[in-house]
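Working notes, beginning with the structure itself.
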Amino acid sequence: PRLHAEYHLQMLPFLEELLEKKLSDALGAKVSFDRVKLSPLSGKVEVLNLAATAPSSDSPFLKVPRIEAKIGIARALKQEISIQSLRIERPYVRLPIALPKKAPAPKNEPGSPALKPWQFQADDVLAIDGTIEFQSVAYHAIAERVNLLLKRDANDIVLTLLSDSVRRINPDVTVGELKLNGRIATPDFSRLLTSSISLDGTIDPHARFSATTASLMSKTIDARMTANLDSQLFSRLVPIALPAIAGLIHLDIDGTFSPERVVLRRGEISTQNATMKLDS
């Protein structure tokens, strides 16, 4: 036990510095955390209170109270990170992420050895009880109690996401349960933020949609959505001025969406008695 404790104390500062550098380089952001706990015999690492902040921002776009990973200790001693399993607890993500389109090349101190690449050997990543928040000038929405599974296959990373509650803020209105399935166009977990994504999903019981985006860092989404909404719920969710309408509204929208602009290829709102075409 004494040798184990001495090994732990000697290795921990080195591992904290290595993790901070590698995570910052991988995300193209400033990464910090409060503490790292290491169990050398099992290779289990706990990272507590991680925060990632974009270069152009003062507030983190990612906060994680606890991350548990299993790494290869022998490789860590060679300044390599080999992740064999990864579990992320209670993450908070704020969208859109204001990162540069291309992360800067890793910087090394003069005379220090070059940083070695990640080795991500885990076949899946699990994130539990998370929160995803989107905020632009015109719209503020949040998904809570989010569980996410990312699983690698031959060519892509398969995404499955469930959220107990999706709601708009100001005006405050709860929409329903979110279910997402999708693919990220890379088998490499280190390229999650920069790879294109395709999604299909539902917001139960109101809407079904599909979407594609160039990356998580992109502010532009191509999306198609069909929905059936009560008129009062519709008026609180959609920032479109409509004449007084009662009853069920059917929405059919296909277009390109960004915080600055909406370009519609198809936009239609219909009720039992009338149909309205929307212009971008």
Side-chain angles (χ1 to χ4, degrees), residues 12 15-16 18-24 26-39 42-54 57-71 81 83-99 118 120 122-136 139-152 157-170 172 174-182 184 189-193 197 199 201-204 215-217:
L12 200 56
L15 183 61
E16 288 181 350
L18 180 61
L19 282 172
E20 186 175 291
K21 285 183 178 180
K22 284 187 172 290
L23 286 170
S24 296
L27 295 175
K30 180 183 178 181
V31 174
S32 63
F33 37 78
D34 287 350
R35 188 180 177 191
V36 175
K37 296 181 179 180
L38 170 67
S39 299
S42 65
K44 186 175 79 171
V45 175
E46 292 180 84
V47 179
L48 303 180
N49 295 323
L50 179 144
T53 305
S57 176
D58 295 326
S59 57
F61 67 84
L62 172 66
K63 293 189 286 187
V64 187
R66 182 176 181 271
I67 299 173
E68 180 180 302
K70 187 173 183 181
I71 67 170
I81 295 295
I83 298 176
Q84 297 161 356
S85 67
L86 184 61
R87 177 187 172 98
I88 303 168
E89 298 182 5
R90 306 187 307 280
Y92 163 81
V93 180
R94 190 184 75 248
L95 299 175
I97 300 174
L99 290 177
W118 292 87
F120 202 102
D123 289 326
D124 55 58
V125 172
L126 178 64
I128 60 172
D129 198 18
T131 299
I132 301 173
E133 185 171 11
F134 173 86
Q135 188 167 12
S136 66
Y139 215 87
H140 189 184
I142 189 166
E144 298 171 301
R145 296 183 294 281
V146 175
N147 292 317
L148 171 67
L149 176 63
L150 300 172
K151 192 172 184 64
R152 174 164 41 199
I157 294 172
V158 179
L159 176 156
T160 304
L161 182 149
L162 301 174
S163 171
D164 286 355
S165 172
V166 175
R167 58 191 175 93
R168 184 184 181 187
I169 298 174
N170 193 26
D172 293 340
T174 298
V175 187
E177 181 184 52
L178 172 65
K179 299 179 181 179
L180 274 181
N181 293 295
I184 304 173
F189 277 92
S190 69
R191 298 183 179 180
L192 282 178
L193 291 180
I197 305 170
L199 300 168
T202 59
I203 302 177
D204 190 53
S215 74
L216 276 176
M217 297 187 296

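All values derive from a computational prediction rather than experimental measurement. The figures here come from the full heavy-atom set of this structure, side chains too, leaving out hydrogens, waters and symmetry mates.
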Next item on the list: Mind checking the CG-OG1 spacing from Leu180 to Thr202? Nearest 0.5 Å is all I need.
Entry: 8.0 Å
Check: With no hydrogens and no angle check, is any side-chain donor or acceptor of Arg66 less than 3.5 Å from a backbone partner on Glu46?
Finding: no
Next item on the list: Report the distance from atom CG of Leu95 to atom CD1 of Ile142, rounding to the nearest 0.5 Å.
Entry: 11.0 Å
Next item on the list: Say whether, by atom type as modelled, one donor and one acceptor occur between the side chain of Ser163 and the main chain of Glu177 under 3.5 angstrom.
Entry: no
Margin query: Restricting to non-hydrogen atoms, name the atom on Thr53 and the atom on Ser59 that form the minimum distance, rounded to 0.1 Å.
Written below: CG2-O, 3.7 Å
Notebook entry, point to check: Do Arg168 side-chain atoms and Tyr139 backbone N/O form a donor-acceptor pair below 3.5 Å?
Noted result: no
Notebook entry, point to check: Hey, does Ile128 have a side-chain heavy atom less than 4.5 Å from the side chain of Arg87?
Noted result: yes
Margin query: Does any part of the side chain of Lys63, heavy atoms only, come nearer than 4.5 Å to the side chain of Arg90, both counted from C-beta?
Written below: no
Check: Side chains of Ser165 and Arg145: does their closest heavy-atom pair fall under 4.5 Å?
Finding: yes
Item checked: Nearest non-hydrogen partners of Ala29 and Phe61, listed with the distance -> CB-CE2, 3.8 Å
Check: Any side-chain heavy atom of Val125 within less than 4.5 Å of one from Leu192?
Finding: no
Next item on the list: Of all the heavy-atom pairs spanning Ser215 and Ile197, show the shortest one and how long it is.
Entry: C-CD1, 4.5 Å
Next item on the list: State, to 0.1 Å, how close Leu159 and Leu199 come at their nearest heavy-atom pair, and which atoms those are.
Entry: CD2-CD2, 4.0 Å
Note to self: Would you say that Ile184 contacts Leu150 through its side chain, given a criterion of any heavy-atom pair below 4.5 Å between the two side chains?
What the structure shows: yes
Checklist line | Pairwise distance CG(Leu178) to CD1(Ile132) - rounded to 0.5 angstrom | finding: 8.0 Å
Notebook entry, point to check: Roughly how far apart are Thr160 OG1 and Leu148 CG, rounded to 0.5 Å?
Noted result: 8.0 Å
Checklist line | Rounded distance [0.5 Å steps], CZ in Arg167 versus CG in Asp172 | finding: 6.5 Å
Item checked: Rounded distance (nearest 0.5 Å) linking atom CG of Leu62 with atom CD1 of Ile88 -> 8.0 Å
Notebook entry, point to check: Which pair of non-hydrogen atoms, one from Leu50 and one from Phe33, has the smallest distance, and what is that distance?
Noted result: CA-CB, 3.9 Å
